[in-house]
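Quick note on labels: first sequence line is chain A, next is B, and so on, each numbered from 1.
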Protein chains: 2
Amino acid sequence: MRTFARTFASIIVRNMARQHATLKDVAISAGVSYQTVSKVINHQVQVTKETEQRIWQAVETLNYRPNHTARALRSQRSFTLGYSWPPSPKDQTNPILDQFLQSIFEAAEERGYYLLCFPYNSDPKKHLEAYGELIDTGRVDGFILSSVEYQDPRVLFLLEHKFPLAAFGRSDPELVFPWIDVDGAAGIAMVMEHLLELGHERIAALAWPENSRVGNNRMEGYFNTLMAAGIKPVSGWVKRGEGKFSVGYDATLQLLDLPKAKRPTAMIALNDALAIGAMQAARDRKVAIGSQLAIASFDDTPMVQYLDPPLTSVRQPVWEVGQRIIPMLLDYIETGRLPEPTSVLVRPQLIVRGSTGRQI
Amino acid sequence: MRTFARTFASIIVRNMARQHATLKDVAISAGVSYQTVSKVINHQVQVTKETEQRIWQAVETLNYRPNHTARALRSQRSFTLGYSWPPSPKDQTNPILDQFLQSIFEAAEERGYYLLCFPYNSDPKKHLEAYGELIDTGRVDGFILSSVEYQDPRVLFLLEHKFPLAAFGRSDPELVFPWIDVDGAAGIAMVMEHLLELGHERIAALAWPENSRVGNNRMEGYFNTLMAAGIKPVSGWVKRGEGKFSVGYDATLQLLDLPKAKRPTAMIALNDALAIGAMQAARDRKVAIGSQLAIASFDDTPMVQYLDPPLTSVRQPVWEVGQRIIPMLLDYIETGRLPEPTSVLVRPQLIVRGSTGRQI
DNA sequence: AACGTTCGGGCGAACGTTCGCATGCATATA
DNA sequence: TATATGCATGCGAACGTTCGCCCGAACGTT
């Protein structure tokens, strides 16, 4: 037996007697039928200047606002977008969450939409149920997704149900849906070229596990740049693991404990936490960051500018992503056709700081 | 002339022919009237075991889900809560946002509610309009507020409109509304007692401007503890400014450049960014953090555990705040009476690390 | 035998919109 | 003068629920 109404039934409905003006009130005040008022408000029909004038006048004096729920019921559209994202682990902060949210809220509001946010259930099956419920109860017109992976169950589910979505991040190339992504390969390539220019040729990498879509994309920038420079990658110099401090710390200790001839002079990290771990390892081994070991990373968490030395990092154009993903989704919802272009790749920006100071 | 429907009129309504089962479908399938189905689903009426059985069976096979919009229209309740928060400045990350959001999303979902998030408009007048619109269009049943200040316009507005709210943070004592807050005074007092135990008696403070409600509350913990220990506060040792790196850095340099006899041996900061600035200043003046100068702060941003040395800081019980604020608001909405207790103060937790290491 | 009570369930209405079509009137056309 | 065209507006219905009231049958009580 389902229980979707378990709380509903027991609610004591409050009567605040808060009366809003309705279409009918406006109609009476303006001396027309309420359907005409509706049409004027929605700019659907031509009326005489005077009638229109009277109607808007009445709207103004009665302080009329169309009831969203009634409008949604009749038009079968909720003007609401669903969004849920994986929470960041306790020992880390999501560096782009706030900005991304503010950006999509603003872009959505501009077109008359709001965002409905719901918890991220770590059990994929239950998480998909949440999407199903929002769809079936008609609460949302589409979804924003982020942290998309290969064969992402959410993407597959929504495609299967032919329900509109737009994602921050790619999935498998053969899955066609609106997405926008930061060109991670280009970002790391910028870092690599920066290091090459500084004279580094022995560059290690702190990477993520091989099943990470985002990680693999960023690492393309590493391998491609090395290849283009005619440098053969050293297999032991690519360390993989979770993107957290301890992984970066341990991996870097291993690298620094290599015999001098086999030691890298620079390293890139796929995110800031790894790089911060690397910096601590360097300090513990009395290796001067910047001059003896250059370190650079990805994300540009605001506070890395205050590390000692400040960390060179790649900054994602988060605000832009938010501003662009919303129109993609809304165009899809409102026209029923995939937006053109269906997918967008934006370039990140390299922020050079002291951690990649000139080599001695 | 208002334009609330400017986008609405021009929308090409898509016909995805996505058919959901309705009450009537279930009723036909179960051989009863659709109103009876409604009552069974909402547990409002007694029916025979067999009838109920047939109805739930039909619900199951047709995969029926009550249409949220219709339910909201009829019952005049949206089962949605509004939330908007001030975006963090570009050079800082909001350390508790993600956890707080996940917590309130989860707590709300548990009682059948979702959160509608909308952008924070820095112009207070326009920002209040957003609240007004959500109220007037019936999109939300109540609001969550955070970063509440003295004479907070949002609080005043909602109280005036008698619209339900619950806040993370206090406002003026004479304003009665549901709120939950972290006891900042207690948090700083814990830090102060920790420093006193270590033998420090010369303790400076990096504080916020005097019009900050949260800041003043935290500083109570500073002054009260000093007074209780019989230590007279030194006026020049309380530095005030925005809670950012550069302020902490500059203020600390000033303190460290005092003649040795007038110099503090420890300092507290009202947030992590200030403390990180202080640490950098200490490094630049070759002052050993922990032994020569103890530094402690408030917030416990995840990454401060990775600073060198790791930073002693006060951690807010963010998850708990989220779990408790939602029931406060929902009880208020559903019963129409202020929740009991109307306001709650929770204690933060002191996390001791190397930055307050033993004094030499 | 007449009467109240309880139980199971039905019925019409309402929530506030939008939609499709009809209608009346004035103007232009045959 | 009769007929087509356009314009401004009205009308009934529908979206999918919940709500309040009614009704008939079964049961027990006087």
Under 3.5 Å donor-acceptor pair, A:Arg74 side-chain atoms to C:dT18 base atoms: yes
Across all chains, not counting sequence neighbours, the ring pair (Phe, Tyr, Trp, His ring centres under 6.0 Å) partners of A:Phe168 are A:Phe100
Angle between terminal axes - the helix from C:dA1-D:dT30 to C:dA30-D:dT1, 5 pairs each end, rounded to 10°: 60°
From CD of B:Gln53 over to C1' of C:dG8, roughly how many Å is that when rounded to an integer? 17 Å
Check whether any side-chain N or O of B:Asn67 sits under 4.0 Å from OP1 or OP2 of D:dC15, and answer yes or no. no
Between CZ of A:Arg77 and C1' of C:dT17 the distance, given in whole Å, is 15 Å
Starting at atom CZ of A:Phe79, determine the distance to atom P of C:dG16, rounded to an integer number of angstrom. 19 Å
Do you see a donor-acceptor pair shorter than 3.5 Å between the side chains of A:Trp56 and A:Glu52? yes
For the pair made of CD1 in B:Ile41 and C1' in D:dG16, what is the distance, rounded to whole Å? 12 Å
Which of parallel (below 30°), tilted (30 to 60°) and perpendicular (above 60°) describes B:Trp85 and A:Phe105? perpendicular
Before we go on, tell me: are the rings of A:Tyr131 and A:Phe118 under 6.0 Å apart, centre to centre? yes
Using salt bridge (Lys or Arg N to Asp or Glu O under 4.0 Å) as the criterion, list what pairs up with B:Glu149, not counting sequence neighbours. none
Sorted by chain and number, sequence neighbours left out, ring pair (Phe, Tyr, Trp, His ring centres under 6.0 Å) with A:Trp319 holds for none
Between A:Glu133 and B:His68, does the side-chain contact (heavy atoms from CB on, under 4.5 Å) criterion hold? Intermediate values first, please. CA-CA 10 Å; A:Glu133 165 149 354; B:His68 170 262; over 6 Å; no
Rounded to the nearest angstrom, tell me the gap between atom NE2 in A:His68 and atom C1' in D:dC15. 14 Å
Could you state the atom-to-atom distance from CD of A:Gln44 to P of C:dG20 in whole Å? 9 Å
Rounded to the nearest angstrom, tell me the gap between atom CD1 in A:Ile55 and atom P in C:dT17. 14 Å
Under the salt bridge (Lys or Arg N to Asp or Glu O under 4.0 Å) test, residues paired with A:Asp152 that sit two or more places apart: A:Arg154
Side-chain atoms of B:Thr48 come closest, of D:dT18, C:dG8, D:dT9, to C:dG8
What residues 23-34 of chain B contributes to the DNA chain D interface at heavy-atom separation below 4.0 Å is B:Leu23, B:Tyr34
Intermediate values then yes/no, side-chain contact (heavy atoms from CB on, under 4.5 Å), A:Leu116 and A:Arg139: CA-CA 9 Å; A:Leu116 193 79; A:Arg139 281 189 87 136; 4.0 Å; yes
Atom pairs, N/O to N/O, protein against nucleotides 5-7 of chain D, distance under 3.5 Å?
none

Salt bridge (Lys or Arg N to Asp or Glu O under 4.0 Å) partners for A:Arg324, two or more places apart: A:Glu320
Restricting to salt bridge (Lys or Arg N to Asp or Glu O under 4.0 Å), what partner residues turn up for A:Asp25, sequence neighbours left out? none
side-chain N/O B:Ser38 vs D:dT18 OP1/OP2, d < 4.0 Å: yes
Set of ring pair (Phe, Tyr, Trp, His ring centres under 6.0 Å) partners for A:Tyr34, sequence neighbours left out: none
Protein-nucleic acid N or O pairs under 3.5 Å, nucleotides 20-23 of chain D:
{"unit_1": "D:dG20", "atom_1": "O6", "unit_2": "B:Lys39", "atom_2": "NZ", "d": "2.6"}

Looking at every strand, decide which applies to B:Thr51 at a 4.0 Å heavy-atom threshold: base, sugar-phosphate, or nothing. sugar-phosphate
In whole angstroms, how far is the P atom of D:dA8 from the CZ atom of A:Arg54? 14 Å
Kindly write out the residues that satisfy side chain to side chain contact (heavy atoms under 4.5 Å, CB included) with A:Ala167, not counting sequence neighbours, or none if the list is empty. A:Leu145, A:Val148, A:Phe177, A:Trp179
Nearest-nucleotide 5' precedence on DNA chain D, B:Thr22 against A:Val45: A:Val45
Could you state the interatomic distance from CD1 (B:Ile144) to OG (B:Ser84), rounded to the nearest 0.5 Å? 12.5 Å
